[in-house]
Amino acid sequence: MPEAFALGDMIPGDAVPPGSNILISGGRATAPRRVALSALDAGFQASEPAIAISADRSARQLEREYAESFEADLDSDLFRVVNCSGNSGECAYEREWVSSPSDLTGIGMGVVKAGRDIDPDRQTRVAVLSLSTILQYGTLDRTFNFTHVLTGRIAAEDRLGVFTMDPSTHEDRAVNSLTTLFDRVVELRDNEGAREARVVGGPRGATPWASI
(Lines give C-alpha, C1' and ligand atoms only; values in the text may rest on other atoms or scores of the structure.)
Protein backbone atom coordinates (compact mmCIF):
# COMPACT_ATOMS: atom_id res chain seq x y z
CA MET A 1 0.00 0.00 0.00
CA PRO A 2 1.54 3.37 -1.02
CA GLU A 3 2.21 5.83 1.77
CA ALA A 4 0.36 9.13 2.20
CA PHE A 5 1.87 12.24 0.63
CA ALA A 6 3.24 14.86 3.04
CA LEU A 7 2.34 18.39 1.92
CA GLY A 8 4.93 20.44 3.78
CA ASP A 9 4.57 23.38 6.15
CA MET A 10 2.68 25.76 3.85
CA ILE A 11 -0.47 23.66 3.42
CA PRO A 12 -2.59 23.14 6.55
CA GLY A 13 -3.89 19.71 7.46
CA ASP A 14 -2.63 16.17 7.33
CA ALA A 15 -0.86 14.17 4.65
CA VAL A 16 -3.15 13.06 1.81
CA PRO A 17 -3.73 9.57 0.41
CA PRO A 18 -2.21 8.44 -2.89
CA GLY A 19 -4.29 9.41 -5.88
CA SER A 20 -5.29 12.78 -4.42
CA ASN A 21 -5.61 15.94 -6.52
CA ILE A 22 -5.24 19.32 -4.81
CA LEU A 23 -6.07 22.76 -6.20
CA ILE A 24 -4.19 25.73 -4.76
CA SER A 25 -6.45 28.73 -5.31
CA GLY A 26 -5.36 32.31 -4.78
CA GLY A 27 -4.45 35.62 -6.38
CA ARG A 28 -0.95 36.58 -7.44
CA ALA A 29 -0.31 38.44 -4.16
CA THR A 30 -0.76 35.19 -2.23
CA ALA A 31 1.88 33.39 -4.35
CA PRO A 32 0.05 30.12 -5.10
CA ARG A 33 3.01 28.95 -7.20
CA ARG A 34 5.31 29.14 -4.18
CA VAL A 35 2.83 27.11 -2.14
CA ALA A 36 2.73 24.51 -4.93
CA LEU A 37 6.52 24.39 -5.08
CA SER A 38 6.57 23.84 -1.31
CA ALA A 39 4.44 20.71 -1.85
CA LEU A 40 6.96 19.49 -4.42
CA ASP A 41 9.81 20.33 -2.06
CA ALA A 42 8.22 18.14 0.62
CA GLY A 43 8.49 15.30 -1.86
CA PHE A 44 12.07 16.09 -2.82
CA GLN A 45 13.02 15.78 0.86
CA ALA A 46 11.78 12.17 0.64
CA SER A 47 13.46 11.58 -2.76
CA GLU A 48 10.10 11.60 -4.54
CA PRO A 49 10.23 12.71 -8.19
CA ALA A 50 7.98 15.42 -9.61
CA ILE A 51 6.75 16.35 -13.08
CA ALA A 52 5.75 19.99 -13.54
CA ILE A 53 3.69 21.40 -16.40
CA SER A 54 4.91 24.99 -16.64
CA ALA A 55 2.59 27.22 -18.67
CA ASP A 56 4.04 30.64 -17.84
CA ARG A 57 7.68 30.03 -16.80
CA SER A 58 10.58 28.37 -18.58
CA ALA A 59 12.26 25.45 -16.83
CA ARG A 60 15.22 27.68 -16.00
CA GLN A 61 12.94 30.36 -14.51
CA LEU A 62 11.21 27.69 -12.45
CA GLU A 63 14.60 26.45 -11.25
CA ARG A 64 15.57 29.98 -10.13
CA GLU A 65 12.23 30.49 -8.38
CA TYR A 66 12.65 27.25 -6.44
CA ALA A 67 16.25 28.06 -5.50
CA GLU A 68 15.32 31.54 -4.26
CA SER A 69 12.30 30.29 -2.30
CA PHE A 70 13.88 27.29 -0.62
CA GLU A 71 17.61 28.05 -0.78
CA ALA A 72 18.27 24.67 -2.33
CA ASP A 73 19.28 23.27 -5.69
CA LEU A 74 16.97 21.06 -7.70
CA ASP A 75 17.99 17.49 -8.47
CA SER A 76 17.64 16.87 -12.21
CA ASP A 77 16.99 13.19 -11.48
CA LEU A 78 13.93 14.13 -9.43
CA PHE A 79 12.51 17.16 -11.26
CA ARG A 80 11.17 17.08 -14.82
CA VAL A 81 9.49 20.01 -16.58
CA VAL A 82 7.02 19.89 -19.44
CA ASN A 83 7.53 23.40 -20.76
CA CYS A 84 4.61 24.90 -22.67
CA SER A 85 5.35 28.53 -21.78
CA GLY A 86 6.80 29.53 -25.15
CA ASN A 87 10.15 30.32 -23.48
CA SER A 88 12.86 27.73 -23.79
CA GLY A 89 16.58 27.31 -23.32
CA GLU A 90 19.04 24.60 -22.41
CA CYS A 91 18.14 23.26 -19.00
CA ALA A 92 18.55 19.82 -17.45
CA TYR A 93 15.04 19.99 -16.01
CA GLU A 94 13.25 20.59 -19.31
CA ARG A 95 12.36 17.08 -20.44
CA GLU A 96 9.60 17.97 -22.92
CA TRP A 97 8.84 21.07 -25.02
CA VAL A 98 5.30 21.98 -26.10
CA SER A 99 4.80 25.05 -28.27
CA SER A 100 1.85 26.61 -26.42
CA PRO A 101 -0.47 26.19 -23.42
CA SER A 102 -3.24 25.71 -25.99
CA ASP A 103 -1.75 22.39 -27.16
CA LEU A 104 -3.44 20.21 -24.56
CA THR A 105 -2.79 16.99 -26.47
CA GLY A 106 0.91 17.82 -26.61
CA ILE A 107 0.97 18.63 -22.90
CA GLY A 108 -0.68 15.32 -22.03
CA MET A 109 1.79 13.42 -24.18
CA GLY A 110 4.63 15.40 -22.61
CA VAL A 111 3.61 14.29 -19.12
CA VAL A 112 3.61 10.65 -20.24
CA LYS A 113 7.03 10.96 -21.90
CA ALA A 114 8.56 12.85 -18.97
CA GLY A 115 7.52 10.07 -16.61
CA ARG A 116 8.51 7.07 -18.70
CA ASP A 117 11.69 6.33 -16.75
CA ILE A 118 10.05 6.71 -13.32
CA ASP A 119 9.39 3.43 -11.56
CA PRO A 120 5.56 3.07 -11.48
CA ASP A 121 5.78 1.95 -7.85
CA ARG A 122 7.58 5.14 -6.85
CA GLN A 123 5.73 7.98 -5.09
CA THR A 124 5.45 10.73 -7.72
CA ARG A 125 3.99 14.24 -7.77
CA VAL A 126 2.54 16.08 -10.78
CA ALA A 127 2.12 19.87 -10.75
CA VAL A 128 0.25 22.16 -13.15
CA LEU A 129 1.59 25.73 -12.97
CA SER A 130 -0.86 27.15 -13.74
CA LEU A 131 -4.34 26.02 -14.69
CA SER A 132 -5.35 29.67 -15.11
CA THR A 133 -2.85 30.17 -17.93
CA ILE A 134 -4.06 27.04 -19.70
CA LEU A 135 -7.66 28.25 -19.40
CA GLN A 136 -6.73 31.67 -20.82
CA TYR A 137 -5.45 29.97 -23.97
CA GLY A 138 -8.51 27.77 -24.52
CA THR A 139 -12.16 27.23 -23.78
CA LEU A 140 -13.63 26.10 -20.48
CA ASP A 141 -14.85 22.84 -22.05
CA ARG A 142 -11.40 21.91 -23.39
CA THR A 143 -9.69 22.89 -20.14
CA PHE A 144 -12.23 20.95 -18.09
CA ASN A 145 -11.79 17.82 -20.23
CA PHE A 146 -7.99 18.06 -20.08
CA THR A 147 -8.04 18.50 -16.30
CA HIS A 148 -10.56 15.68 -15.88
CA VAL A 149 -8.33 13.27 -17.84
CA LEU A 150 -5.14 14.35 -16.06
CA THR A 151 -6.59 14.18 -12.55
CA GLY A 152 -8.10 10.79 -13.41
CA ARG A 153 -4.72 9.50 -14.55
CA ILE A 154 -3.05 10.83 -11.40
CA ALA A 155 -5.67 9.09 -9.26
CA ALA A 156 -5.35 5.80 -11.16
CA GLU A 157 -1.56 5.83 -10.80
CA ASP A 158 -1.63 6.69 -7.06
CA ARG A 159 0.26 9.92 -7.66
CA LEU A 160 -0.32 13.35 -6.12
CA GLY A 161 -1.65 16.18 -8.28
CA VAL A 162 -0.95 19.81 -7.33
CA PHE A 163 -2.62 22.48 -9.50
CA THR A 164 -2.66 26.28 -9.14
CA MET A 165 -5.38 28.71 -10.19
CA ASP A 166 -6.10 32.41 -9.72
CA PRO A 167 -9.91 32.54 -9.31
CA SER A 168 -9.98 36.33 -9.65
CA THR A 169 -9.09 36.07 -13.36
CA HIS A 170 -12.03 33.82 -14.31
CA GLU A 171 -15.81 33.86 -14.24
CA ASP A 172 -17.47 32.07 -11.32
CA ARG A 173 -18.82 29.41 -13.67
CA ALA A 174 -15.31 28.41 -14.75
CA VAL A 175 -13.95 28.41 -11.20
CA ASN A 176 -16.86 26.36 -9.84
CA SER A 177 -16.69 23.88 -12.71
CA LEU A 178 -12.96 23.20 -12.42
CA THR A 179 -13.05 23.06 -8.62
CA THR A 180 -15.34 20.02 -8.75
CA LEU A 181 -12.47 17.94 -10.17
CA PHE A 182 -10.34 18.18 -7.02
CA ASP A 183 -10.36 16.25 -3.77
CA ARG A 184 -9.21 19.26 -1.77
CA VAL A 185 -8.88 22.98 -2.39
CA VAL A 186 -6.22 25.05 -0.64
CA GLU A 187 -7.68 28.56 -0.49
CA LEU A 188 -5.22 31.44 -0.05
CA ARG A 189 -5.97 34.99 1.05
CA ASP A 190 -4.11 38.16 1.95
CA ASN A 191 -5.06 39.33 5.45
CA GLU A 192 -3.55 42.78 5.99
CA GLY A 193 -0.29 41.76 4.36
CA ALA A 194 -0.16 38.28 5.89
CA ARG A 195 -0.76 35.23 3.70
CA GLU A 196 -3.27 32.77 5.14
CA ALA A 197 -4.48 29.39 3.95
CA ARG A 198 -7.21 26.90 4.68
CA VAL A 199 -8.05 23.53 3.17
CA VAL A 200 -11.59 22.82 1.98
CA GLY A 201 -12.52 19.17 1.51
CA GLY A 202 -11.13 16.00 2.97
CA PRO A 203 -12.32 14.06 6.02
CA ARG A 204 -12.34 17.08 8.34
CA GLY A 205 -14.15 19.52 6.09
CA ALA A 206 -12.64 23.02 6.10
CA THR A 207 -9.64 23.76 8.29
CA PRO A 208 -9.36 27.11 10.11
CA TRP A 209 -7.49 29.94 8.38
CA ALA A 210 -3.81 29.80 9.33
CA SER A 211 -0.82 32.02 8.57
CA ILE A 212 1.73 30.44 6.26
Leu150 and Phe163: CA distance, side-chain angles, deciding distance, side-chain contact (heavy atoms from CB on, under 4.5 Å) verdict: CA-CA 11 Å; Leu150 183 57; Phe163 295 63; 3.9 Å; yes
Criterion side-chain contact (heavy atoms from CB on, under 4.5 Å) on Leu74 and Leu62, from CA distance to verdict: CA-CA 10 Å; Leu74 283 166; Leu62 207 55; over 6 Å; no
Check against side-chain contact (heavy atoms from CB on, under 4.5 Å), Arg184 and Val186: CA-CA 7 Å; Arg184 303 186 188 192; Val186 180; 5.8 Å; no
Full working for side-chain contact (heavy atoms from CB on, under 4.5 Å) between Leu140 and Leu178: CA-CA 9 Å; Leu140 173 57; Leu178 291 169; 4.2 Å; yes
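Side-chain contact check for Leu7 versus Ile22: some heavy-atom pair is nearer than 4.5 Å. Contact annotation: the side chain of Val200 never approaches that of Thr179 to less than 4.5 Å [non-hydrogen atoms, C-beta and beyond]. Residues Asn145 and Leu104 are not in side-chain contact: their nearest non-hydrogen atoms beyond the backbone lie 4.5 Å or more apart. At least one side-chain heavy atom of Thr105 sits less than 4.5 Å from a side-chain heavy atom of Asp103. Side-chain contact check for Ser130 versus Asp166: every heavy-atom pair is 4.5 Å or farther apart. Considering only heavy atoms from C-beta on, Arg195 comes within 4.5 Å of Arg34 through its side chain. Contact annotation: the side chain of Ser20 never approaches that of Phe5 to less than 4.5 Å [non-hydrogen atoms, C-beta and beyond]. Using a 4.5 Å cut-off on side-chain heavy atoms (C-beta onward), Arg28 and Arg33 make no contact.
Using a 4.5 Å cut-off between side-chain heavy atoms of Ile, Leu, Val, Met, Phe, Trp and Tyr, with links allowed through other members, Met10 and Val162 fall into the same hydrophobic cluster. Val175 and Val35 end up in different hydrophobic clusters when Ile, Leu, Val, Met, Phe, Trp and Tyr side chains are linked at under 4.5 Å. Transitive grouping of hydrophobic side chains (ILVMFWY, heavy atoms separated by less than 4.5 Å) keeps Val16 and Leu40 in distinct clusters. Residues Val126 and Tyr93 are members of separate hydrophobic clusters, defined by side-chain heavy-atom contacts under 4.5 angstrom among Ile, Leu, Val, Met, Phe, Trp and Tyr.
The CG atom of Leu131 sits 12.0 Å away from atom CD1 of Ile24, with the distance rounded to the nearest 0.5 Å. Note: Arg153 CZ to His148 NE2 = 12.5 Å, rounded to the nearest 0.5 Å. To the nearest 0.5 Å, atoms CG (Leu129) and CG (Leu37) are separated by 6.0 Å. Atoms OG1 and CE, from Thr133 and Met165 in turn, are 12.0 Å apart once rounded to the nearest 0.5 Å. The distance from the CD1 atom of Ile134 to the CD1 atom of Ile107 is 4.5 Å, given to the nearest 0.5 Å. Between the CZ atom in Arg125 and the CG atom in Leu160 there is a gap of 5.5 Å [rounded to 0.5 Å].
Taking the six-membered ring where the residue is Trp, Phe70 and Tyr66 present tilted rings, their angle falling between 30° and 60°.
In this structure, the side chain of Thr124 engages the main chain of Arg122 through a donor-acceptor pair within 3.5 Å. For the pair Thr30 (side chain) and Gly27 (backbone), a donor-acceptor distance under 3.5 Å is present.
Ionic pairing of Arg159 and Glu157 is present here: one or more N-O contacts between side-chain nitrogen and carboxylate oxygen are shorter than 4.0 angstrom.
No cation-pi contact links Arg95 to Phe79, judged by a cut-off of 6.0 Å to the six-membered ring centre and 45° from its axis.
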